[in-house]
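For reference, the structure discussed in these notes is given below.
Whatever order the structure lists them in is the order used to number ligands and atoms, beginning at 1.
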Amino acid sequence: MAKQEDVFKTIIAHAKEYGFVFQSSEIYDGLSAVYDYGQNGVELKNNIKRYWWEAMTMLHDNIVGIDSAIFMHPTIWKASGHVDAFNDPLIDNKDSKKRYRADVLIEDEIAKFEEKINKEVAKAAKRFGESFDEAMFRQTNPRVLEHQRKRDELHNRFSEAMNANDLTELKQIILDYEIADPISGTRNWTEVRQFNLMFKTEMGSTADGAMDVYLRPETAQGIFVNYLNVQKTGRMRLPFGIAQIGKAFRNEIVARQFIFRMREFEQMEMQFFVRPGEELKWFDFWRQTRLKWHKNLGLGDSKYRFHDHEKLAHYANAATDIEFEIPFGFKEVEGIHSRTNFDLSQHEKFSGKKIQYFDPELNESYVPYVIETSIGVDRMFLSVLCSCYEDQDLGNGDRRAVLHFPAPIAPVKCAVLPLVKKDGLPEKAREIQHRLRFDFTCQYDEKDSIGKRYRRQDAIGTPYCITVDHQTLEDGTVTLRERDSMDQRRLSVDELEKILSEEVSLNSLLRKLL
Ligand code: GAP
């Protein structure tokens, strides 16, 4: 079986080869943790965004969308706490001159204990075969217990240091556990310092007195500061939500794992405003609703899990992550937080404007509470890509790379292929493509053998190929080939639109949510 690391490398290479994701500024040797989406990537990304946007704004009467600016008044980031507390602890190695996140170095050390435990378990499972009782082995094997004890000891010390924001202790842990720089191999570390993740730039000319502004590190604040505008102009009554999709920027110190952690990325966030005291009911509602949205794509229910936060940010009273299994483990794709009235109250305080809701049923005014759902478009893209990729063995030494995308979000829905490049078949195929392209992203391809063309479409995840042959000219029928089963059936050109719209429309996916 291929190692997960190799699987991931293959997927990254495939994403580049087939026009999904490119390293930004590649001809200048690239820009770290910044990526561009290619011709197929942008279609997949847009479809993911449409699935989210329409599920939010069309399936909920009480959710509307906005598109706020990336630049905002700098005081917003003071009010939200980002200027003072949106930090990562960083440490430099004096020999390699490389910069690391101190918490990530320690987390990697914790993961090493976990790997040792997993190796013991895998070895024993091989030795004992079917009679192996994994739970019993984990509870009783002395080597496993020793690794577990050491792991827990380190984990507890680390958690305490992080909770207390104790940078000296973080450095001490790195020294005590003899954590070395993976590049220089030395333990010649600087002190641990806090590093603010926001990108700063200047607005206006210096003659006018330029103002420091930030590239937003989340889209959420654009929603909070527009709460009153939307509530009043939309005559919204609680509970109601505001959704937004847009770019966010973070100067991540450790940028790795492809598009999982980027410096410029995209978020889909929704703030749901509720009556105080009702927030935990709504938190539970959104926890379930969001999981259903994910599972509805059919990528495999066992790939999802919740990770409820034990330690909550000071303003939150409940928080969970939806994690998805990708080749390097279960990772956060979406966060759902009950943020109390923290953000709106802060903006009330810093702006001096009253941000309240008059509740006609209670006959009183209050600052609404908020449930936030926040998902990264790029992480969602990565989850879809990883779970849909297959290097499939077709037998007799034949293989194909295929992306089993759910049809409604596939970048290309169908390809029209003339069997040969003569006898009027290209003209007929073009005619069919021109008819379909009003409703579906539809490609035309006449180059190479039909087998090679099928493989090319499999590799970009096109659910249907329509082959035009000599019989088409006689009776108006074509062959429809389905990507996953590779089954082919003959049908009339006139049936194509109906069949395709049933199978590939976003509507079909959205309907399953209700
Ligand atoms: N408004 C809340 C918020 O921004 P977050 O957990 O920091 O919360 C929400 O981010 C989501 O944004 C994450 O679950 C993740 O999917 C995505 N995200 C965060 N940082 C990212 C990064 N550097 N690269 C790609 N996606 C990121």
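Inter-residue side-chain proximity for V83 and Y214 is flagged as met; some heavy-atom pair is nearer than 4.5 Å. At least one side-chain heavy atom of Q172 sits less than 4.5 Å from a side-chain heavy atom of L175.
Those atoms of ligand 1 with a heavy atom of E334 less than 4.0 angstrom away are 14 (O). The E269 neighbourhood of ligand 1 comprises atoms 1 (N), 2 (C), 3 (C), 4 (O), with distances under 4.0 Å to a heavy atom of that residue. Every atom of ligand 1 with a heavy atom of E218 under 4.0 Å away is listed here by number and element: 1 (N), 2 (C), 3 (C), 4 (O). Against a heavy-atom cut-off of under 4.0 Å, E332 is close to the following atoms of ligand 1: 6 (O), 13 (C), 14 (O). Below 4.0 Å from some heavy atom of V333 lie the following atoms of ligand 1, by number and element: 14 (O), 15 (C), 16 (O). Ligand-side atoms of ligand 1 in range of F260: 24 (N), 25 (C), 26 (N), range being under 4.0 angstrom from any heavy atom.
H155 and F158 have perpendicular rings, their planes meeting at more than 60° on a 0 to 90° scale where under 30° would count as parallel. The aromatic rings of F113 and H147 are tilted relative to each other, their planes meeting at an angle between 30° and 60°. Ring geometry, Y304 versus F324: the interplanar angle exceeds 60°, so the pair is classed perpendicular (tilted spans 30 to 60°). Taking the six-membered ring for Trp and thresholds of 30 and 60 degrees, F258 and F8 have ring planes more than 60 degrees apart, a perpendicular arrangement.
Nearest protein neighbour of atom 8 (O) of ligand 1, counting heavy atoms only, is S374 OG, 4.0 Å. Regarding atom 15 (C) of ligand 1, its nearest protein heavy-atom neighbour is R379 NH1, 3.6 Å.
Both the sub-6.0 Å distance and the 45° axial angle are satisfied by R290 relative to the ring of W293. Judged by a 6.0 Å distance limit and a 45° cone about the ring axis, K45 is positioned over the six-membered ring of Y37.
Both the backbone and the side chain of R261 come within 4.0 Å of ligand 1, counting heavy atoms alone. Contacts between Q267 and ligand 1 below 4.0 angstrom, taking non-hydrogen atoms only, involve the side chain exclusively. Counting heavy atoms under 4.0 Å from ligand 1, residue E372 touches it through the side chain alone.
Taking distance alone, with nitrogen or oxygen atoms compared against 3.5 Å, G376 approaches ligand 1 more closely than that limit. Distances between N or O atoms of E252 and those of ligand 1 include at least one value under 3.5 Å.
Residue D321 forms a side chain to side chain contact (heavy atoms under 4.5 Å, CB included) with just one option from E334, K331, H309, and that option is H309.
Between atom 22 (C) of ligand 1 and the options R216, R250, Q257, M262, the minimum heavy-atom separation is to M262. The closest heavy-atom contact to atom 27 (C) of ligand 1, among the options F381, Y35, F249, F265, comes from F265.
In this model, no donor atom of one side chain and acceptor atom of the other lie less than 3.5 Å apart for H307 and E332.
Taking 4.0 Å as the cut-off, D378 does not count as a neighbour of ligand 1 on heavy-atom distance.
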